[in-house]
Protein chains: 2
Amino acid sequence: MSQPPAPRRPRGRPPRISREEIIGTARRIVTEEGVGRLTMRRLATEVGSTPMALYHHVRDKEELLVLLLDDYATRTLRRPELPGEPRERVVAAATAIHEALAACPWIVEVLTADDLMSTSALWFVEQIVDGLVACGLSPDRAVHGYRAIWYYTAGEIVVRTTAARRRADDDRATYREQVFAGLDPAELPRLAQVADRWAPLTAEDTYQDGLRALVDGLTAGR
Amino acid sequence: MSQPPAPRRPRGRPPRISREEIIGTARRIVTEEGVGRLTMRRLATEVGSTPMALYHHVRDKEELLVLLLDDYATRTLRRPELPGEPRERVVAAATAIHEALAACPWIVEVLTADDLMSTSALWFVEQIVDGLVACGLSPDRAVHGYRAIWYYTAGEIVVRTTAARRRADDDRATYREQVFAGLDPAELPRLAQVADRWAPLTAEDTYQDGLRALVDGLTAGR
DNA sequence: ACCTGAACACCGTTCAAGT
DNA sequence: ACCTGAACACCGTTCAAGT
């Protein structure tokens with residue numbers, strides 16, 4: 001996010017905890033127990049300090065979460081060899097972002113709290129925009145195309161992660177089954193037709209299929 | 001969600017508050033002050049009762065939010081005349097869902113807490129799946145196509161609503177501007193090229209463009 | 001059957017003071 | 001400059017008791 005300031009002559013009380021230490025501990029809590037367990041108080045005790053000491057190193061909890069996403073992106077997003085063909089390049093770059101996010105279920109809370117503006121993710125954004133331009137889109141339309149891909153990708157992550165959490169909680173999962181079991185075939189014939197296959201069908205990972213359709217549609221006739 | 005049980009001979013203490021009253025009051029709080037202000041305690045005092053009384057009518061806060069989304073869908077989703085041409089029908093049905101959600105910024109928290117399984121929304125889902133089948137997709141592929149549209153739609157709402165909230169909070173909005181202002185044109189030429197137009201470009205409402213691209217891609221060559 | 005009061009086990013954040 | 005203790009103003013939910 002921001003580089004540490006150039007080293008100055010130390011003045012006053014020497015720091016006991018650092019931003020890096022805070023983020024590192026937060027990362028451990030979040031990967032081990034989920035983002036729901038990350039509280040400022042918990043984090044403070046884990047770094048051996050008090051809640052208020054944290055506020056000397058991060059502005060508030062939201063900034064901490066953004067720093068955490070940044071840290072995660074820097075740590076895991078490796079730039080792969082991308083195909084030369086522009087459409088395939090767009091698909092590959094989007095898939096790389098998607099895979100990184102999918103491997104990281106706590107991301108959802110942060111996604112809704114921040115745009116994907118981690119500096120290390122920008123290279124992938126560049127590849128997508130550039131690939132779309134290479135397909136014949138104007139720079140403006142390429143940015144809009146990237147946004148459409150980002151909406152699709154973020155939505156897939158949010159919906160799938162939430163569905164997975166729900167599945168862990170039996171009682172609520174059955175509500176959807178009830179609704180589908182009670183469908184009136186006269187009113188909603190298509191849904192009634194696929195009602196018993198709905199759960200497995202929607203559990204399938206079809207991210208790439210949809211992505212390809214979207215990229216095809218965005219670049220059609222150019 | 002669930003129909004009220006058939007009226008029985010009343011036994012024991014007569015109820016002072018009803019599920020309808022709770023949902024109605026919750027709806028008022030949420031539309032007037034946002035979903036962040038809806039707490040069980042606040043809601044209890046507004047209906048003139050105590051927090052615990054609520055738990056006799058709803059299981060917990062999450063159920064309340066789902067009931068609220070259901071109530072909103074039933075109240076606002078009117079079935080429009082849809083075009084006969086199948087692709088246009090898919091676009092129109094998805095746009096109707098999108099408009100209803102976009103008019104309702106508190107929805108984001110509930111979207112991530114629930115699939116769009118409100119009974120009143122199912123008619124729109126039916127139209128989308130049926131439209132895709134009419135375009136030549138198999139029922140299974142039509143369901144996957146609906147899911148792709150749903151990911152795109154939910155993602156657009158989540159990302160745009162969050163961005164709008166951020167814009168209200170000046171300090172954080174400028175972080176993205178900083179990142180874009182400091183882009184290295186040698187490393188990320190496309191992004192550097194559009195850097196100064198990024199904010200207005202991504203603020204444009206291009207939901208329909210992306211949706212049409214996605215639907216075109218899903219139905220291409222069929 | 002329905003509601004109440006008190007309590008449990010927490011939150012994020014601010015303030016004033018200490019070293 | 002950095003950290004601490006105590007407090008503020010809250011949360012959702014459970015338990016045991018009352019009517």
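Bear in mind the structure is a predicted one, so any value in this text is a computation, not a measurement. Lettering of chains follows the sequences in order, A, B, ..., and the numbering in each one begins at 1.
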* Asked: Does any N or O in the side chain of A:Tyr72 come within less than 3.5 Å of the main-chain N or O of A:Ala100, such that one atom is a donor and the other an acceptor?
  -> yes
* **Aromatic ring pairing A:His98/A:Tyr207, orientation class (parallel under 30°, perpendicular over 60°, tilted between)** => parallel
* Asked: Which one is paired to C:dC2, where only Watson-Crick or G-U wobble pairs with both distances under 3.5 angstrom count?
  -> D:dG18
* Asked: Would one find a side-chain N or O of B:His57 under 4.0 angstrom from OP1 or OP2 of C:dC2?
  -> no
* Asked: Expressed as a whole number of Å, how far does the C1' atom of C:dC8 sit from that of D:dC11?
  -> 12 Å
* Write down the distance between CD1 (A:Ile17) and C1' (D:dT4), rounded to a whole number of angstrom. => 12 Å
* Quick one: what's the B/S/- string for nucleotides 12-19 of chain D, heavy-atom cutoff under 4.0 Å, read 5' to 3'? -> BBBB--BB
* Asked: Taking only side-chain nitrogens and oxygens of B:Ser49, does any of them come within less than 4.0 Å of OP1 or OP2 of C:dT4?
  -> yes
* Structure fact -> In Watson-Crick or G-U wobble terms, with both distances under 3.5 Å, the base opposite D:dT13 is C:dA7
* **Same-atom distance (P) from C:dA9 to D:dC10, integer angstrom** => 22 Å
* **Min side-chain heavy-atom separation A:Glu156-A:Asp205 under 4.5 Å** => yes
* What integer distance in Å separates A:Leu43:CG from C:dC10:P? -> 16 Å
* Asked: C1' atom, C:dC3 versus D:dA16: distance in rounded Å?
  -> 13 Å
* Asked: Should B:Pro189 and A:Glu126 count as side-chain neighbours, where that means a heavy-atom distance under 4.5 Å?
  -> yes
* **Carboxylate-amine/guanidinium proximity below 4.0 Å for A:Glu46 and A:Arg28** => yes
* Between CG on residue B:Leu68 and NZ on residue B:Lys61, distance to nearest 0.5 Å -> 10.5 Å
